[in-house]
Novice: 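The structure's right below; bear with me while I get my questions together.
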Amino acid sequence: MEVFHGPSTYEREPSRHPALKINSKEPFNAEPPVDELVRSYVTSVDMFYKRNHGPVPVLEDISLYRLEVGGLASNRCSLSMDAIKQLPKHTVVATIQCAGNRRTAMSMTRKVKGVGWGLAALGNGIWSGARLSDVLEIVGIPKYSRVSAYGGKHVEFVSVDKCKEENGGPYKGSIPLFQATNPEADVILAYEMNGEELSRDHGFPLRVVVPGVLGARSVKWLRNINIIAEECQGFFMQKDYKMFPPSVDWDNVNWGSRRPLMDFPVQCAICSPEDGSYLDGKGKVTVKGYALSGGGRGIERVDVSADGGKTWTEAKLAQGPKSGLGYIPDDDDHRDKWAWVLWEASIEVHLPADIVAKAVDTSANVQAEHVETIWNLRGVLNNSWHRIHINGTSKQLHSNL
Ligand SMILES: Nc1nc2c(c(=O)[nH]1)N[C@H]1C(S)=C(S)[C@@H](COP(=O)(O)O)O[C@H]1N2
Ligand SMILES: [Mo]
């Protein structure tokens, strides 16, 4: 048996926090309660959503772990965890978001296929490890390379877990060589999350973190890095995580006609109060949520409405932990480059009320007003305006009788 392997059964799963809402038990897919999510800027390891496609891998002996790097490069190398830890340590605050975040809401308009997720298939983590661009230099690929000397244009990440979508093979994905070798893209091989050793659910001993890109490319339990000529041909790059127009359904889908999804779009959601809750009479309500955008774009503004979108109030964007900690960029322009912003707005409501939120990113991208216009068969990237309905307490009293 390999020292580092993906089991084929679920007997050696890690323990998990009981408050997580389980969307699928095997493989384990779960998200935290939404009010928990906006309680802190950095999401705790326990509360961070978990998205697995198979049983969690087992590493018997960390001293025997090796990361193999090779392919269309002048050298290849085999790095132990100690060797990886000797490279300069880099820390990035980045929000990882699943492409399926808010899928359940998209499924309500027309059924989609995929694990049902509420609003919390994302989390903001502090990731530390080696820069991918430093590791690629070891195999002879300089910073800012678009093509390697041997014709490599993509960097593939291969895990050890057994996924049924890969017919029992490992999860894999790739990113363009330029992104991988660009130090400003902040792609890291993380061995720490929130200052602690990476946990098994989140990729122990090593995972890729590709900031600003859908979670699917941040491959966990990393075993191999291959420099390849064309993008990875794995299931999750070719037959999944692509977005089709509303006219395409399972009987006429042509997977080869679309590119794999990479950067995620501008997104926001209301986490408090919760949809369907009851509030006291009238007056001011504090509405709280998160907002983020992909590709290194920050959040310019969040608008909140208490009348279904007729009139709007601008939310206050909360700062993350103050700079000076080393890992939070000092200037406002970069604080939300890869991380979410939490926001809140105090608004006058007349119950019952439809509260709506929408964000604008720093490239002036806006969210889709209606989910129907962005419906797609896999239910990915639902970033439509988030709408919740709040009832008055009189109804609650009534329902309690
Ligand atoms: N090896 C491996 N890496 C993986 C996955 C997986 O199933 N296996 N899931 C991907 C998906 S779809 C997402 S959204 C993120 C989830 O990361 P998390 O579980 O740390 O939140 O990991 C990605 N990396
Ligand atoms: Mo995902």
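For ligands, and for the atoms within them, numbers begin at 1 and follow the listed sequence.
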Novice: For residues 208-215, run the donor-acceptor check on the side chains, cut-off 3.5 Å, and write out each pair with its distance to 0.1 Å, sequence neighbours left out.
Specialist:
none

Novice: Considering only heavy atoms, which protein residues lie less than 4.0 Å from any atom of ligand 1?
Specialist: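 Residues within 4.0 Å of ligand 1: Phe48, Tyr49, Lys50, Arg51, Asn52, His53, Cys98, Ser159, Asp161, Tyr171, His202, Arg207, Gly215, Ala216, Ser218, Val219, Lys220, Trp221, Tyr241.
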Novice: I'd like to know if Glu300 and Arg297 make a salt bridge, using a cut-off of under 4.0 Å between side-chain N and carboxylate O.
Specialist: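 Looking at Arg297 together with Glu300, the answer is no, because their closest N to O distance does not fall below 4.0 Å.
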Novice: List in chain and number order the residues that pass salt bridge (Lys or Arg N to Asp or Glu O under 4.0 Å) with Asp249, two or more places apart in sequence or in another chain; answer none if no residue qualifies.
Specialist: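 Result, salt bridge (Lys or Arg N to Asp or Glu O under 4.0 Å) vs Asp249: Arg110.
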Novice: My understanding is that only residues two or more places apart in sequence, or in another chain, count here; which of them pass salt bridge (Lys or Arg N to Asp or Glu O under 4.0 Å) with Lys85?
Specialist: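 Partners of Lys85 by the salt bridge (Lys or Arg N to Asp or Glu O under 4.0 Å) criterion come out as none, since no residue qualifies.
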Novice: Answer yes or no for Lys21 and Trp117: cation-pi contact, defined as NZ/CZ to six-membered ring centre under 6.0 Å and angle to ring axis within 45°.
Specialist: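 No, Lys21 does not sit over the ring of Trp117.
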Novice: Less than 4.0 Å between a side-chain N and a carboxylate O, is that true for Glu137 and Lys143?
Specialist: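 Salt bridge: yes.
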